> 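Just dropping this structure here.
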Amino acid sequence: MLSKKQLRNDIEAVESALKKRNFSFDINQLNDLENKRKINQVETQELQNLRNTQSKSIGKAKAAGEDIKPLLDAVADLGGKLDKAKSELLVIQTQIDDIVMAMPNTPHESVPEGNSEDDNIEVSKWGEPGQYDFEVKDHVDLGEMHGLDFETAAKISGARFSVMTGKIARLHRALTQFMLDQHVENNGYTEAYVPYLVNAESLTGTGQLPKFEADLFKTHLHGEEGDAKPLYLIPTGEVPITNMVRDTIVKESDLPLKFVGHTPSFRSEAGAYGRDTRGLIRQHQFEKVELVQVAKAEDSYQILETLTGHAEGILQALELPYRKVILCAGDLGFSAAKTYDLEVWLPGQSAYREISSCSCFEDFQARRLQLRYKNPETNKPELLHTLNGSGLAVGRTLVAILENHQQADGSIRIPDVLHNYMGGITVIN
RNA sequence: GGAGGGAUGGCAGAGCGGCUGAAUGCACUGGUCUUGAAAACCAGCAAGGGUUAAUACCCUUCUAGGGUUCAAAUCCCUAUCCCUCCA
């Protein structure tokens with residue numbers, strides 16, 4: 001959520017910043033509501049003040065043994081007036097909130113202009129796409145040779161699910177373990193195990209709600225819609241991990257907070273009809289190792305670089321060629337101020353594909369989360385900055401390993417760092 | 001399945017219709033003392049919001065949502081979470 005103070009004082013700056021990401025809103029409407037709000041709020045608070053002082057004098061008169069009847073008559077019609085003023089104010093404030101909650105974050109100044117992923121800019125590249133003296137297969141053909149099974153998954157659940165058995169399943173697990181260990185042991189993250197079903201407050205905190213409910217799987221505790229608070233399957237580990245610190249005032253000495261968690265992610269993929277229908281790239285359920293950091297405002301952009309570096313370290317250790325791109329304003333996610341995508345080379349597609357997305361949210365999430373620290377200089381609570389990145393998406397990493405480390409006979413070379421996790425297996429054949 | 005108890009500031013914990021935005025302790029900040037530190041003593045210290053150029057003033061908040069009342073942390077109802085006991 002953007003700062004309402006800023007929207008009040010400098011709405012033009014917000015407008016031009018959001019224009020960069022093709023988001024426009026009705027300035028006049030918001031200003032009108034804001035003016036109404038001001039009048040209404042002042043009136044309401046004056047009525048409350050009147051009621052408070054009157055009530056106090058009744059209390060005093062009663063204690064002194066005086067006749068309070070005239071005082072009671074004087075406040076007789078106050079309640080009705082106050083209720084009316086309050087409910088009018090609530091309507092206006094709800095209208096303002098609805099508008100503000102639907103506004104995306106403003107892009108950081110270093111974010112390039114652009115409308116779509118075609119305008120993202122390559123920042124760096126690591127490794128060279130491999131040269132193969134045989135016809136490369138894609139991960140579906142390779143995977144099906146070794147235990148990746150979409151047909152069985154379709155029987156159990158439907159499209160966009162997968163079953164893995166045998167060595168592929170083990171490789172999938174090994175990747176997760178390797179990533180977690182790497183981030184905990186070498187990068188200083190604290191491992192976190194978190195719930196996979198979360199409430200609406202959590203999703204509002206990180207920005208998925210209210211705008212993107214259609215992307216989520218929603219469950220109802222007692223069957224019927226509406227009779228209980230719904231729980232949602234997490235679309236990313238970012239949601240539960242970041243929400244661990246919702247409504248807290250963090251000690252300055254504990255900053256930055258660094259958490260890593262392995263969770264499944266569930267996405268409805270509404271609006272993705274026909275996209276990536278083949279294979280593991282776009283699934284309703286997939287595993288991810290998620291990095292989350294919470295930092296002071298002045299540190300957050302430096303941390304975005306190191307956090308992205310932590311994700312890159314995994315790709316390098318797994319000998320996977322990739323490039324790093326900075327997302328243009330038009331391709332930026334709703335809550336993000338700046339995002340780097342890591343795109344891994346997939347020989348089966350002859351293309352770089354996203355495998356990690358690392359973002360700084362500035363105080364956009366923190367404002368919704370009421371996530372703060374006490375600044376010792378001002379002795380006041382101040383909003384923190386949140387960051388997260390995939391380190392990495394496990395399913396897509398599996399795809400990258402299959403395709404990049406395939407050999408002429410369809411066997412898969414296991415990168416050295418995984419040998420221990422694979423119980424000594426060096427080749428899947 | 002049944003019966004109770006609880007949720008209060010960063011933390012612990014009093015209060016149980018008006019004098020309570022909230023005692024007290026811890027933590028924290030500043031000061032005195034000290035070569036320095038500790039201890040001791042003194043002072044300060046919840047959050048969110050509004051009006052204002054500012055000083056200042058005002059509103060809201062004691063898990064959440066309703067209700068009773070001129071007035072609610074305090075009484076009533078509902079929900080959530082925690083705990084204890086019985087089966």
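Here is the naming used below: chain letters follow the sequence lines, and residue numbers restart at 1 for every chain. Bear in mind the structure is a predicted one, so any value in this text is a computation, not a measurement.
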> Side chains of A:Asn105 and A:Ser335: do they bring a donor and an acceptor to under 3.5 Å?
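No, no side-chain donor-acceptor contact under 3.5 Å.
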
> Using atom C1' in both nucleotides, what's the gap between B:C33 and B:A39 to the nearest angstrom?
11 Å

> Is the shortest distance from a Lys or Arg side-chain nitrogen in A:Lys324 or A:Glu305 to a carboxylate oxygen in the other one below 4.0 Å?
yes

> I want to check one thing: is the phosphate of B:A47, taken as OP1 and OP2, less than 4.0 Å away from some side-chain N or O of A:Lys380?
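It does, given that an N or O in the side chain of A:Lys380 lies less than 4.0 Å from OP1 or OP2 of B:A47.
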
> Looking only at atom P, what distance separates B:G44 and B:A22, rounded to whole Å?
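Rounded to whole Å, the distance is 13 Å.
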
> The criterion is ring-ring contact (aromatic ring centres under 6.0 Å, His included); which residues satisfy it with A:Phe364, sequence neighbours excluded?
A:Phe334

> Considering only atom P, compute the distance from B:U63 to B:U74 and round it to an integer number of Å.
8 Å

> In the structure shown, which nucleotide is the Watson-Crick or G-U wobble counterpart of B:G1, with both distances under 3.5 Å?
B:C86

> Could you tell me whether A:Glu269 and A:Arg160 make a salt bridge, using a distance below 4.0 angstrom between a side-chain N and a carboxylate O?
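The answer is no: the pair does not qualify as a salt bridge.
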
> Looking only at atom P, what distance separates B:A23 and B:A14, rounded to whole Å?
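The same atom, P, in both gives a distance of 14 Å.
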
> Report yes or no: do A:Asn199 and A:Ser202 form a side-chain donor-acceptor pair below 3.5 Å?
yes

> Across all strands shown, which nucleotide pairs with B:A72 by Watson-Crick or G-U wobble geometry, both distances under 3.5 Å?
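Paired with B:A72, as far as the under-3.5 Å criterion goes, is no nucleotide at all.
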
> Check the side chains of A:Glu287 and A:Thr176 for a donor-acceptor pair under 3.5 angstrom, ignoring hydrogens and angles.
no

> Which atoms of nucleotides 58-62 of chain B (N or O only) lie under 3.5 Å from a protein N or O atom, and what are those distances?
{"unit_1": "B:C58", "atom_1": "O3'", "unit_2": "A:Asn49", "atom_2": "ND2", "d": "2.9"}
{"unit_1": "B:C59", "atom_1": "OP1", "unit_2": "A:Asn49", "atom_2": "ND2", "d": "2.8"}
{"unit_1": "B:C59", "atom_1": "OP1", "unit_2": "A:Asn52", "atom_2": "ND2", "d": "3.2"}
{"unit_1": "B:C59", "atom_1": "O3'", "unit_2": "A:Gln48", "atom_2": "OE1", "d": "3.2"}
{"unit_1": "B:C59", "atom_1": "O2'", "unit_2": "A:Gln48", "atom_2": "OE1", "d": "2.7"}
{"unit_1": "B:U60", "atom_1": "OP1", "unit_2": "A:Arg51", "atom_2": "NH2", "d": "3.1"}
{"unit_1": "B:U60", "atom_1": "OP2", "unit_2": "A:Asn52", "atom_2": "ND2", "d": "3.3"}

> Between B:G13 and B:A3, how far is it from one C1' atom to the other, in whole Å?
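27 Å, rounded to whole Å.
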
> If you restrict it to nitrogen or oxygen atoms, what contacts under 3.5 Å exist between nucleotides 29-31 of chain B and the protein, and what is each distance?
none

> What distance, rounded to whole Å, do you find between the two P atoms, one in B:A72 and one in B:U24?
25 Å

> I need the A:Leu332 CG to A:Asn22 CG distance, nearest 0.5 Å.
11.5 Å

> Residues from residues 28-39 of chain A sitting under 4.0 Å of RNA chain B, heavy atoms only?
A:Arg37, A:Lys38

> Would you call the rings of A:His284 and A:Phe161 parallel, tilted or perpendicular, where under 30° means parallel and over 60° means perpendicular?
tilted

> Quantified in whole Å, what is the P atom distance between nucleotide B:A7 and nucleotide B:A12?
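Result for the P pair: 12 Å, nearest Å.
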
> Taking for each residue the nucleotide of RNA chain B bearing the nearest heavy atom, is the 5' side occupied by A:Gln93 or by A:Val75?
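Going by which nucleotide is closer to the 5' end, it is A:Gln93.
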
> For RNA chain B, what residues of residues 240-249 of chain A have any heavy atom nearer than 4.0 Å?
A:Ile249

> Write down the distance separating the C1' atoms in B:G17 and B:C75, rounded off to the nearest Å.
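Per the computed distance, 8 Å lies between those C1' atoms.
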
> Is a donor from one side chain sitting under 3.5 angstrom from an acceptor on the other, for A:Ser110 and A:Lys338?
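A:Ser110 vs A:Lys338: donor-acceptor pair found between side chains.
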
> Distance alone, cut at 3.5 Å: any donor-acceptor contact between the side chains of A:Glu238 and A:Thr206?
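No, no side-chain donor-acceptor pair sits under 3.5 Å.
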
> Is it the case that the base of B:G10 and the side chain of A:Lys374 share a donor-acceptor contact (distance under 3.5 Å, atom types as modelled)?
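A donor-acceptor contact between them is absent.
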
> Taking the side chain as C-beta and beyond, is there a heavy-atom pair between A:Leu398 and A:Phe286 under 4.5 Å?
no

> Just grab all the ring pair (Phe, Tyr, Trp, His ring centres under 6.0 Å) pairs involving residues 93-114 of chain A, residues at least two apart or on different chains.
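Output for this query lists A:His108-A:Tyr301.
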
